[in-house]
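The block underneath contains the structure these notes are about, expressed in structure tokens.
In what follows, every chain begins at residue 1, and chains take the letters A, B, ... in the order their sequences are listed.
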2 protein chains.
Amino acid sequence: MFNDPDQTARANIRTSALELFAAKGPDAVTIREIAAAAGVSPGLVLHHYGSKQGLRNAVDEYVAALFEVLTKGSMADMAAPGADTPGVASGFAELLIGHLPPHSPIPAYLRRLLLADDPAGRQIFRTWYNLTLALTKQGIASGAMRPSADPEVRAAFLMINDLATMLLHKNLAAVVGVDPLTPDGIARWAADAIDAYSTGVFRLENE
Amino acid sequence: MFNDPDQTARANIRTSALELFAAKGPDAVTIREIAAAAGVSPGLVLHHYGSKQGLRNAVDEYVAALFEVLTKGSMADMAAPGADTPGVASGFAELLIGHLPPHSPIPAYLRRLLLADDPAGRQIFRTWYNLTLALTKQGIASGAMRPSADPEVRAAFLMINDLATMLLHKNLAAVVGVDPLTPDGIARWAADAIDAYSTGVFRLENE
DNA sequence: CAGCGTACTGTACAAATGTTCAGTCTGCAC
DNA sequence: GTGCAGACTGAACATTTGTACAGTACGCTG
């Protein structure tokens, strides 16, 4: 899925850049490094993308477009949940990742975009939020979710709680021993999240 | 509070480095830039810290030590909540930030440490998690929190949900219109978080 | 075949940057 | 006063890195 059949040198450069940017961050990657990974000369990188910034923009746009596609795919899953498809409680992030091959650099790149505080990341954040808000209002209307006095904040709350598992999964794996992005980690994590969101975390005083 | 009276050139260099690292990231800051901000020559930076990496380590250690102090202070607040001290629901992050001057670079630096996936950040993450886990178990034992089948994951869940507001507050402010690190943002955010954690988010089927 | 545009290479260059170092100044011990 | 250790400066150096460019190979069009 989403295996780009484009094997031109231009596409190879973009793909290599995507992987290296995701792994080390754009600032820590040199054009020579990208060229070597793509099997071309450094000059060709500039020939196709004008500058390093141009290449960064191209990769950003590519990932943003892919994100839109993934979003639509995840929405379809949401509307018609299959046998083992987790509900909304386990979050959209896992759903998105489920649409990608096992070691795709896309999640790591998305992580950088979301944390970078630049226009590309903010646009993705906005898309994600609008989607979450729509689902939240829909859930409240259908009775699946309890009403909230502040639906906008409620949607943001649910969204970034979900995002947090993607942003911090390495720390979680190292410290807690549960990586919420691995198959068994997902299960443990989702079970507790659903429990927390359903029965609540704090006990009311009059209980 | 925590205004270091150390005004030696050595301390000034560390302070300037801390601010610049927090704002732009260590890789994007040059030794010359730090020296200029501290009002010294570039050579002196190396004289005191040996190398740029040495300076980074020194800043990391300084922030880690400060984090320990802040943690203890926040725990004291937790044990004896004052008039307007929010409960555990609004999270530890806000409590920590409340112990710092308004425009302290510490939160931004902590953010970088936690997202960097290096030993210094992992140690802070670990301290934070151990604290959250202890409070969670204590809350369950006292009856203030509902029991969880998986206390470790429950503690991690609550912790990173809290962290997410700190990591993504800029995106939240730009897209949602609520910055959970500003005074009025805290109020709106905490109210909804407490509501979500108390009465739950999803409606059970038999209700 | 001739011409031309595009992909592509490898060299060269200028700027930035971490680091080294010789040397100066200052304060303190003897 | 003399000597010395440490703070501090400013110039210089080596390396890295983004980029420009001249030149080559190749495929398409006329």
Side-chain angles (χ1 to χ4, degrees), chain A residues 4-63 105 108-109 112-113 116 118-121, chain B residues 4-63 105 108-109 112-113 116 118-121:
Chain A
D4 218 323
D6 190 349
Q7 299 232 343
T8 61
R10 186 183 159 93
N12 282 339
I13 292 169
R14 176 168 39 64
T15 301
S16 296
L18 168 58
E19 290 171 0
L20 288 167
F21 287 169
K24 305 167 63 176
D27 293 335
V29 177
T30 69
I31 288 185
R32 286 166 176 80
E33 211 174 344
I34 296 167
V40 299
S41 73
L44 191 62
V45 177
L46 282 306
H47 172 71
H48 280 303
Y49 294 98
S51 67
K52 187 181 182 182
Q53 187 58 49
L55 176 56
R56 290 186 57 165
N57 294 341
V59 175
D60 280 359
E61 286 169 23
Y62 174 78
V63 173
Y109 197 88
R112 292 196 180 273
L113 278 179
D118 69 350
Chain B
D4 217 321
D6 190 350
Q7 299 231 343
T8 62
R10 187 185 159 92
N12 282 339
I13 291 169
R14 179 170 37 66
T15 302
S16 296
L18 168 58
E19 291 170 359
L20 288 167
F21 286 168
K24 306 168 59 175
D27 292 336
V29 177
T30 68
I31 288 185
R32 286 167 177 80
E33 211 174 345
I34 297 166
V40 299
S41 72
L44 191 62
V45 176
L46 282 305
H47 173 71
H48 280 305
Y49 294 98
S51 67
K52 187 181 182 181
Q53 187 56 49
L55 175 57
R56 290 185 57 164
N57 294 342
V59 175
D60 280 0
E61 287 169 22
Y62 175 79
V63 173
Y109 197 88
R112 291 194 181 273
L113 277 179
D118 70 350

For a quick test of your reading: what N or O donor-acceptor pairs under 3.5 Å do the side chains of residues 52-59 of chain B make, sequence neighbours left out?
unit_1	atom_1	unit_2	atom_2	d
B/Lys52	NZ	B/Pro26	O	3.1
B/Lys52	NZ	B/Val29	O	2.7
B/Gln53	NE2	B/Asn57	OD1	3.0
B/Arg56	NH1	B/Asp27	OD1	3.3
B/Asn57	ND2	B/Gln53	O	3.4

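- Scanning both residues, B/Ala22 and B/Pro105, for their nearest heavy atoms gives CB-O, 3.5 Å.
- To the nearest 0.5 angstrom, B/Leu20 atom CG is 12.5 Å from B/Ile31 atom CD1.
- Shown here for A/Asp60 and A/Ala120, the closest heavy-atom pair between the two residues is OD2-CB, 3.9 Å.
- Along DNA chain C, read 5' to 3', the first and last nucleotides having any atom under 4.0 Å from a heavy atom of chain A are C/dA7 to C/dA12.
- Within residues 33-43 of chain B, the residues that place at least one heavy atom under 4.0 Å from DNA chain D are, in residue-number order, B/Val40, B/Ser41, B/Gly43.
- Residues of residues 23-31 of chain B having a heavy atom closer than 4.0 Å to DNA chain C, listed by number: B/Val29, B/Thr30, B/Ile31.
- B/Asp118 places a side-chain N or O within donor-acceptor distance of the main-chain N or O of B/Gly121, the cut-off being under 3.5 Å.
- Applying the side-chain contact (heavy atoms from CB on, under 4.5 Å) rule to A/Ala35 yields the partners A/Val40, A/Pro42, A/Val45; only residues at least two apart in sequence or on another chain are considered.
- Among the atoms of the strands shown, none is found under 4.0 Å from any heavy atom of A/Arg10.
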- Derivation of the side chain to side chain contact (heavy atoms under 4.5 Å, CB included) call for A/Tyr62 and A/Arg14: CA-CA 9 Å; A/Tyr62 174 78; A/Arg14 176 168 39 64; 3.4 Å; yes

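- Of all nucleotides in DNA chain D having an atom under 4.0 Å from a heavy atom of chain A, the first and last in 5' to 3' order are D/dT17 to D/dT19.
- A distance of 8.5 Å separates CD1 in A/Ile13 from OG1 in A/Thr8, rounded to the nearest 0.5 Å.
- Side-chain contact between A/Arg10 and A/Tyr49 is present, with heavy atoms from C-beta onward closer than 4.5 Å.
- Rounded to the nearest 0.5 angstrom, A/Leu18 CG and A/Ile34 CD1 are separated by 10.5 Å.
- Minimum heavy-atom separation, B/Leu44 to B/Ala9: CD2-CB, 4.0 Å.
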